[in-house]
Amino acid sequence: MPAIEVQRQMLPMLSSPNQGARFYNPELPATEPFVPGHRTCAGCGPSIQYRMTSKASGDNTILVGPTGCMYVANSSYLCTPYNVPWAHTQIGSAGSFTAGVAAAYEAMIRKGKWKGAFPNIICEAGDGSASDIGLASISGALYRDHDCLIICYDNEQYANTGIQASSRTPYGGMTTFSPPGPMVPEAKKLFPKDLARMMAAGHPHCYVATASVGYPIDLMNKVRKGLNHKGAAYLMIYTPCQKGFVYETPRSIDLGRLVVECGLYPIWEWNPEARQFDYSFRPQNMRPVSEYLKLQGRFGHLHAEHIATLQKFANQQWNMMGIALPEALIRAADAKNLVAMASAEAAAAVPQAL
Ligand SMILES: Cc1ncc(C[n+]2csc(CCOP(=O)(O)OP(=O)(O)O)c2C)c(N)n1
Ligand code: SF4
């Protein structure tokens, strides 16, 4: 019997992809594969992202959820908010499980055992799963080019276990595994693993991109591009965690914009055909990192020199994208110029003065 050809869904792009409509866009699909009713925190960035992602992918979708908040908080106590098939997998096997689902559908369709279009197969892995514990299985699935979309919903920490540092936690981030103290005043000393660029460098045939909940239309178009791409695709999406970052709950989308506007989360695409990075995405504003940091309790302990260090890092990212730096951002990379903030010495003197 000749093999039956696999029919793939080609999802259309939404217009105004860069800034997009903030609260309403008439082109948004009405479908809601991720419905109300789950135990995520108010303002949870990963669940906002989950809704956007599944809205973009539509009803012919299969979701895979390795252990983390987007498994546990969504499916606590024997119910789930998924209106499409969903399966839990172990935190380390995000990629191998997803690859198995994709390979099974390919085989079933070719043998005539499954009628209809190939489903959108999406894995939603936290950064603990994607950058640490499940990295090998995800890399394997991407390398073997299974037709699936693997998303790292990047809340920059292990959230579900009570906010521990992952290799995506930024320099200066306070977590229960990186508390600030006299020996390590900046809290986390290491800079984050450059995961998305690792994925592009290591799997050049994959569609790889970064996105943020601050730019919903861009995010949804990248989901669709990743799904339309025949073979493996990988998206890393900034998703602030209200509990771990310690911010006012309505500000999740604001943080999603600020993190890009201050250069700490570059938005780009890796084009596998041209084998090039596309750095053409431009936020509306460029801001100093302090505007982003000051909204979050996890950075509340930082001194001027640490903020300057983060500014230097952000400036390097702007340079990497070929964007000229305004004078104010160059100045902000020098701790002496952060006049409105306490210097390390001044801050250290406070307890003695009391
Ligand atoms: C092999 C294994 N190690 C550790 C755990 C404990 N664990 C459960 S949820 C979780 C945190 C996952 O973090 P992440 O993938 O970043 O997702 P988030 O909770 O942030 O959504 C951990 C470590 C586990 N379930 N399995
Ligand atoms: S702890 Fe963070 S990631 Fe988990 S449900 Fe709450 S806001 Fe979402």
Side-chain angles (χ1 to χ4, degrees), residues 34-54 63-77 79-82 86-98 122-139 141 150-170 173-178 188 190 192-193 195-196 198-199 212-214 234-256 259 265 295-299:
F34 182 74
V35 297
H38 42 83
R39 290 174 179 81
T40 68
C41 306
C44 168
S47 65
I48 293 171
Q49 170 276 143
Y50 218 126
R51 182 173 172 215
M52 291 173 185
T53 295
S54 50
L63 299 168
V64 175
T67 310
C69 271
M70 289 302 97
Y71 155 55
V72 180
N74 277 328
S75 65
S76 317
Y77 310 121
C79 56
T80 75
Y82 313 113
W86 168 88
H88 168 235
T89 180
Q90 200 264 355
I91 193 169
S93 50
S96 37
F97 189 102
T98 312
I122 302 178
C123 172
E124 289 267 3
D127 52 289
S129 174
S131 74
D132 295 329
I133 307 173
L135 177 58
S137 80
I138 292 176
S139 175
I150 298 187
I151 292 176
C152 169
Y153 68 86
D154 186 11
N155 60 10
E156 302 184 332
Q157 64 209 345
Y158 292 82
N160 192 249
T161 33
I163 319 299
Q164 291 86 27
S166 80
S167 55
R168 283 294 306 154
T169 303
M174 177 181 67
T175 68
T176 55
F177 278 5
S178 60
K188 186 160 185 262
L190 298 174
K193 187 183 281 183
L195 185 64
M198 270 174 65
M199 293 310 200
S212 165
V213 290
Y234 184 82
L235 270 187
M236 197 170 81
I237 306 181
Y238 174 83
T239 57
C241 166
Q242 179 270 330
K243 182 176 162 197
F245 293 13
V246 194
Y247 61 88
E248 293 172 333
T249 49
R251 305 215 64 169
S252 305
I253 303 294
D254 292 343
L255 286 184
V259 76
Y265 216 94
L295 297 178
Q296 303 167 63
R298 66 172 171 157
F299 295 119

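Read the numbers this way: they start at 1 and go in the same order the structure lists the ligands and their atoms.
- At least one heavy atom of P46 sits less than 4.0 Å from an atom of ligand 2.
- Residue contacts with ligand 1 for D127 involve both N, CA, C or O and side-chain atoms from C-beta outward (heavy atoms, distance under 4.0 Å).
- Distances between N or O atoms of G68 and those of ligand 1 include no value under 3.5 Å.
- Y238 and F245 have tilted rings, their planes meeting at an angle from 30° to 60° on a 0 to 90° scale.
- Counting heavy atoms from C-beta outward, P46 and C69 have side chains that stay 4.5 Å or more apart.
- By the 6.0 Å contact criterion, CZ on R39 is enclosed, its count of non-hydrogen atoms from other residues, nucleotides or ligands being greater than 12.
- Atom 2 (Fe) of ligand 2 has an N, O or S atom of C241 closer than 2.8 Å.
- In this structure, the protein non-hydrogen atom closest to atom 8 (Fe) of ligand 2 is C44 SG, 2.4 Å.
- Contact of the C241 side chain with the I163 side chain is registered, since non-hydrogen atoms from C-beta on lie closer than 4.5 Å.
- With hydrogens left out, the protein atom closest to atom 21 (O) of ligand 1 is Y153 OH, 2.6 Å, a heavy atom.
- S178 and T175 are linked by a side-chain donor-acceptor pair at a separation below 3.5 angstrom, with hydrogens and angles left out of the test.
- M199 has its side chain out of reach of L235: every pair of non-hydrogen atoms, C-beta onward, lies at least 4.5 Å apart.
- Among all non-hydrogen protein atoms, the one lying nearest atom 15 (O) of ligand 1 is S129 N, 2.9 Å.
- Within the set G128, C44, C69, P46, the minimum heavy-atom distance to atom 18 (P) of ligand 1 is found for C69.
- Between D132 and K193, some side-chain heavy-atom pair lies under the 4.5 Å cut-off.
- In this structure, atom 4 (C) of ligand 1 is not in close contact with the protein, since no protein heavy atom lies within 4.0 Å of it.
- Side-chain contact check for T161 versus T176: every heavy-atom pair is 4.5 Å or farther apart.
- Using modelled atom types, one finds no donor on one side chain facing an acceptor on the other under 3.5 Å when comparing Y50 with N74.
- Residue contact check: Q157 has heavy atoms under 4.0 Å from atoms 16 (O), 20 (O) of ligand 1.
- If you number the atoms of ligand 1 from 1 as listed, the ones under 4.0 Å from a heavy atom of Q90 come out as 1 (C).
- Close approach of ligand 2 to T40 (heavy-atom distance below 4.0 Å) involves ligand atoms 5 (S).
- Side-chain atoms of T169 and Y158 form no donor-acceptor pair, as typed in the model, at a separation below 3.5 Å.
- Polar contact with ligand 1: absent for Y158 (N/O pair, distance under 3.5 Å).
- For atom 19 (O) of ligand 1, the closest non-hydrogen atom of the protein is N160 N, 2.9 Å.
- Put simply, the side chain of P170 reaches to within 4.5 Å of the side chain of R298, judged on heavy atoms.
- Among the atoms of C69, no N, O or S atom is found under 2.8 Å from atom 6 (Fe) of ligand 2.
- Short contacts between ligand 2 and C41, defined as distances under 4.0 Å to a heavy atom of the residue, involve ligand atoms 1 (S), 5 (S), 6 (Fe), 7 (S).
- Ligand 1 has an N or O atom lying under 3.5 Å from an N or O atom of N155, backbone or side chain.
- To the nearest 0.5 Å, the span separating CD on Q157 from CD on Q164 amounts to 9.0 Å.
- Heavy-atom proximity to Q242, at under 4.0 Å, picks out these atoms of ligand 2: 7 (S).
- Summary of contacts: the protein heavy atom closest to atom 10 (C) of ligand 1 is T161 CG2, 3.7 Å.
- Remark: minimum distance from atom 9 (S) of ligand 1 to any protein heavy atom is reached at T67 CG2, 3.7 Å.
- Remark: ligand 2 atoms within the under-4.0 Å shell around heavy atoms of N155 are 3 (S).
- Residues Y234 and I138 are in side-chain contact: their nearest non-hydrogen atoms beyond the backbone lie under 4.5 Å apart.
- Summarising the contacts of atom 26 (N) of ligand 1 with I91, V72, N74, the nearest heavy atom is found in I91.
- In this structure, N160 falls outside the shell of residues with a heavy atom less than 4.0 angstrom from ligand 2.
- At least one side-chain heavy atom of Q242 sits less than 4.5 Å from a side-chain heavy atom of Y247.
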